[in-house]
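Sequential numbering from 1 along the given sequence is applied to the chain's residues.
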Amino acid sequence: MTITRFAPSPTGYLHVGNLRTALMNWMIARKAGGTFILRLDDTDPERSKQEYADAIRQDLEWLGLTWDRMERQSERLDRYAAAADTLREKGRFYEAFETPTELDLKRKKQLNMGKPPVYDRAALALSDDEKAKLRAERGEGVWRFLLDHERIVWTDGILGDISIDAASVSDPVLIRQDGQVLYTLASVVDDTDFGVTHVVRGSDHVTNTATQIQIIEALGFTPPAFAHHSLLTGPQGEALSKRLGTLALRDLRAAGIEPMALLSLMARLGSNQPVELRADHAELIEGFDLGQFGAAPTKFDADDLKPLTARYLASLPYGAMADELAELGVPDDLAPRFWEVLRENIETRADLGPWWEILRDGAVPLIEDADRDFVIDALARLPEPPYGPQTWADWTGAMKDASGRKGKALFMPLRMALTGRARGPEMADFMPLMQARPRA
Ligand code: GLU
């Protein structure tokens with residue numbers, strides 16, 4: 001049984017980087033007919049907000065990334081306390097009392113001596129009396145996991161064989177001074193409790209994975225399969241971390257990006273497979289192969305979402321748009337034809353309303369100075385709607401004879417007069433949809 005999870009912290013809105021993680025885990029579960037868990041990593045009560053938890057669910061729903069089970073870490077604190085007790089019993093958990101300033105000083109000294117800034121385990125040498133004294137002076141300590149100083153190895157689903165020297169890593173703090181359980185422990189307890197079999201996350205978690213493997217084993221469990229995907233950069237390879245806030249999924253949605261466009265890009269970006277528009281979730285899942293993803297940073301350009309969105313919309317049959325067109329007020333007898341003519345000529349759904357207004361009320365003509373007399377003459381010869389499939393050919397033919405214009409000089413001013421725009425659908429198809437003449 002394959003079980004994966006997506007574990008965002010509800011401390012902000014999901015962005016494209018989060019989506020990549022969510023999508024890979026979701027596709028692994030769906031491809032295997034397994035279970036996908038949505039887990040909210042909300043042990044930090046100050047930064048976690050219900051508003052963000054709601055937004056995470058809405059964003060995933062918008063994308064159709066359904067989950068089979070939802071869990072919140074804040075509801076599982078007793079499980080983490082029990083795991084902490086187990087680690088204590090096994091001699092793998094120790095209390096330390098250094099202040100942040102003291103730790104900082106230690107790190108600086110180590111760096112000055114050219115040593116890696118790894119916690120020196122001074123607290124391990126404390127006697128019970130010394131600990132009691134420190135506790136009386138400073139309050140509770142933090143709890144650190146005692147790493148086994150050996151090499152931690154795993155075969156990563158993306159990065160291949162990994163080997164990390166545990167001695168190069170500080171014993172991780174798993175419980176803060178105020179008693180708050182930190183992500184590293186909570187995540188391990190959840191992953192083992194829920195039987196998670198595959199964990200895909202960003203390569204910023206590689207060191208976490210090393211320590212988590214030891215914690216899982218200390219608790220008596222077998223680690224899941226791990227894979228770490230590369231992090232996203234901007235189109236020029238620049239760090240995206242600061243800009244990710246502007247690439248929130250809800251902003252892309254507000255900008256009219258279609259879910260299938262976003263999913264099609266994010267499901268293949270950074271892999272050997274081409275980014276192509278996929279028609280539906282089944283197609284995304286079918287072609288997905290984690291082994292095709294590379295370790296190199298992955299360039300992301302939000303502009304790539306626009307052509308994919310346009311192509312997705314162009315691919316939709318009328319049935320998929322009928323309700324939306326009815327809501328815009330396009331009459332039923334006109335709507336199928338309206339969609340046929342417009343679907344290749346919109347960037348987002350939001351373009352449909354303005355096009356319908358142009359057809360219903362008549363366009364405000366766009367007229368270049370040099371074309372003024374020509375267009376005024378042309379509009380004077382334009383019959384009242386309704387128009388037929390021949391109207392454009394007849395009208396432009398008559399104007400060609402009258403003015404001697406041809407080609408672009410003939411057609412463009414007339415298009416701009418009828419639509420108020422320089423670009424749009426085939427005019428021969430457009431005219432029969434017009435309900436009104438251009439507004440004079
Ligand atoms: N809440 C963690 C994060 O968002 C989860 C990491 C993980 O997948 O274990 O980074």
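The side chain to side chain contact (heavy atoms under 4.5 Å, CB included) test with F288 is passed by exactly one of M27, R30, E283, R278: M27. For the pairing with F6, the side chain to side chain contact (heavy atoms under 4.5 Å, CB included) check across L65, V200, L60, L23 returns one residue only, L60. With S264 as the partner, the side chain to side chain contact (heavy atoms under 4.5 Å, CB included) test is satisfied by one option alone out of M266, R268, M260: M260. With E95 as the fixed residue, the salt bridge (Lys or Arg N to Asp or Glu O under 4.0 Å) test singles out one of R144, R88, R135: R135.
Under the 3.5 Å distance criterion, with hydrogens and angles disregarded, a donor-acceptor pair is assigned to the side chains of Q50 and D54. Counting only N and O atoms by type, the side chains of Y13 and N18 include no donor and acceptor under 3.5 Å apart. Donor-acceptor pairing under 3.5 Å is lacking for the side chains of T43 and R76. Side chain to side chain, D42 and Q73 fail the donor-acceptor criterion of an N or O pair below 3.5 Å. For the 3.5 Å distance criterion, the side chains of Y80 and Q180 fail to qualify, holding no donor opposite an acceptor. Counting only N and O atoms by type, the side chains of T2 and H198 include no donor and acceptor under 3.5 Å apart. A donor atom on one side chain and an acceptor atom on the other are found under 3.5 Å apart for S230 and T298. Side-chain contact, T21 with R201: no donor N or O sits under 3.5 Å from an acceptor N or O. For R92 and Q214, the side-chain atoms include at least one donor-acceptor pair closer than 3.5 Å.
With rounding to the nearest 0.5 angstrom, the CG atom of D120 is 6.5 Å from the CD atom of E98. Note that CG of L159 and CZ of F226 are 12.5 Å apart. Values are rounded to the nearest 0.5 Å.
W154 contributes no side-chain N or O that, together with a main-chain N or O of I213, makes up a donor-acceptor pair within less than 3.5 Å. Between the side chain of K90 and the main chain of A218, a donor-acceptor pair closer than 3.5 Å is present. In this structure, N25 contributes its side chain and A22 its backbone to no donor-acceptor pair below 3.5 Å. Panel note: side chain Q110, backbone V118; a donor-acceptor pair is recorded below 3.5 Å. In terms of modelled atom types and a separation under 3.5 Å, the side chain of E238 and the main chain of T233 share no donor-acceptor contact. Remark: the backbone N or O of E258 is paired with a side-chain donor or acceptor of T309 at under 3.5 angstrom. The main-chain N or O of E286 is found under 3.5 Å from a side-chain atom of K31 such that the two form a donor-acceptor pair. A donor-acceptor distance shorter than 3.5 angstrom exists from the side chain of R439 to the backbone of G362, with no hydrogens or angles considered. Remark: side-chain polar atoms of R343 are paired, donor with acceptor, to backbone N or O of A314 under 3.5 angstrom. Judged purely by atom type and a 3.5 angstrom limit, D68 uses its side chain to pair as donor or acceptor with the backbone of F36.
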**Item:** CA sep, side-chain torsions, deciding dist, call: F93, F145, ring-ring contact (aromatic ring centres under 6.0 Å, His included)
**Value:** CA-CA 5 Å; F93 222 23; F145 176 73; 7.3 Å; no
**Request:** Apply side-chain contact (heavy atoms from CB on, under 4.5 Å) to L111 and K108, showing your working.
**Result:** CA-CA 5 Å; L111 287 170; K108 282 192 181 124; 5.6 Å; no
**Request:** Please test E89 against T86 for side chain to side chain donor-acceptor pair (under 3.5 Å), starting from the C-alpha separation and ending with a verdict.
**Result:** CA-CA 5 Å; E89 282 158 23; T86 306; 5.0 Å; no
**Message:** Before you tell me yes or no, could you show the steps for D165 and E150 under side-chain contact (heavy atoms from CB on, under 4.5 Å), namely the whole-Å CA-CA distance, both residues' side-chain angles and the distance that decides it to 0.1 Å?
**Reply:** CA-CA 6 Å; D165 181 4; E150 58 183 23; over 6 Å; no
**Request:** Test salt bridge (charged side-chain N to carboxylate O under 4.0 Å, His left out) on D41 and R39 and set out the steps.
**Result:** CA-CA 6 Å; D41 285 2; R39 184 182 93 195; 2.7 Å; yes
**Message:** As a quick check of understanding, evaluate side-chain contact (heavy atoms from CB on, under 4.5 Å) for I175 and V142, giving each step before the final call.
**Reply:** CA-CA 6 Å; I175 298 182; V142 303; over 6 Å; no
**Message:** Before you tell me yes or no, could you show the steps for D371 and D369 under side-chain contact (heavy atoms from CB on, under 4.5 Å), namely the whole-Å CA-CA distance, both residues' side-chain angles and the distance that decides it to 0.1 Å?
**Reply:** CA-CA 5 Å; D371 299 325; D369 281 346; over 6 Å; no
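Nearest heavy-atom pair, I216 versus P223, reported as atom, atom and distance to 0.1 Å: CG2-N, 3.7 Å. The minimum heavy-atom distance between S170 and P117, with the atom names listed, is OG-O, 3.8 Å. Contact between P8 and L14 at its shortest, heavy atoms only, is CB-CD2, 3.9 Å. When every heavy atom of T4 is checked against every heavy atom of A29, the shortest pair comes out as OG1-CB, 3.4 Å. Across all their heavy atoms, L313 and E347 have their closest contact at CD1-O, 3.7 Å. Scanning both residues, Q435 and L334, for their nearest heavy atoms gives NE2-CD2, 3.2 Å.
Around CD of E426, the count of heavy atoms belonging to other residues, nucleotides or ligands within 6.0 Å does not exceed 12. Sparse packing is recorded around CG of D332, with 12 or fewer heavy atoms of other residues, nucleotides or ligands lying under 6.0 Å away. Residue E368 places its CD atom among 12 or fewer non-hydrogen atoms of other residues, nucleotides or ligands, all under 6.0 Å distant. Counting heavy atoms of neighbouring residues, nucleotides and ligands inside a 6.0 Å radius, atom CG of D323 does not exceed 12 of them.
The shortest distance between side-chain heavy atoms of E61 and T66 does not fall below 4.5 Å. Side-chain contact between K306 and T348 is absent, with no heavy atoms from C-beta onward closer than 4.5 Å. Between R360 and L328, every side-chain heavy-atom pair lies at or beyond the 4.5 Å cut-off. At least one side-chain heavy atom of V169 sits less than 4.5 Å from a side-chain heavy atom of T211. Put simply, the side chain of P172 reaches to within 4.5 Å of the side chain of L147, judged on heavy atoms. Side-chain atoms of T419 and W355, non-hydrogen and from C-beta on, do get closer than 4.5 Å to each other. In this structure, the side chains of V206 and I164 come closer than 4.5 Å at one or more pairs of heavy atoms. In this structure the side chain of L174 reaches within 4.5 angstrom of the side chain of I215, judged on heavy atoms.
With respect to K106 and E102, no salt bridge is recorded, no charged nitrogen being found less than 4.0 Å from a carboxylate O. Using a 4.0 Å cut-off between charged nitrogen and carboxylate oxygen, K133 and D129 do not count as a salt-bridge pair.
With ring centers used as reference points, H205 lies under 6.0 Å from Y183.
Under the 6.0 Å distance and 45° angle rule, R5 does not count as a cation-pi partner of W26. For the pair R69 and F194, the distance from NZ or CZ to the six-membered ring centre is under 6.0 Å and the angle to the ring normal is within 45 degrees.
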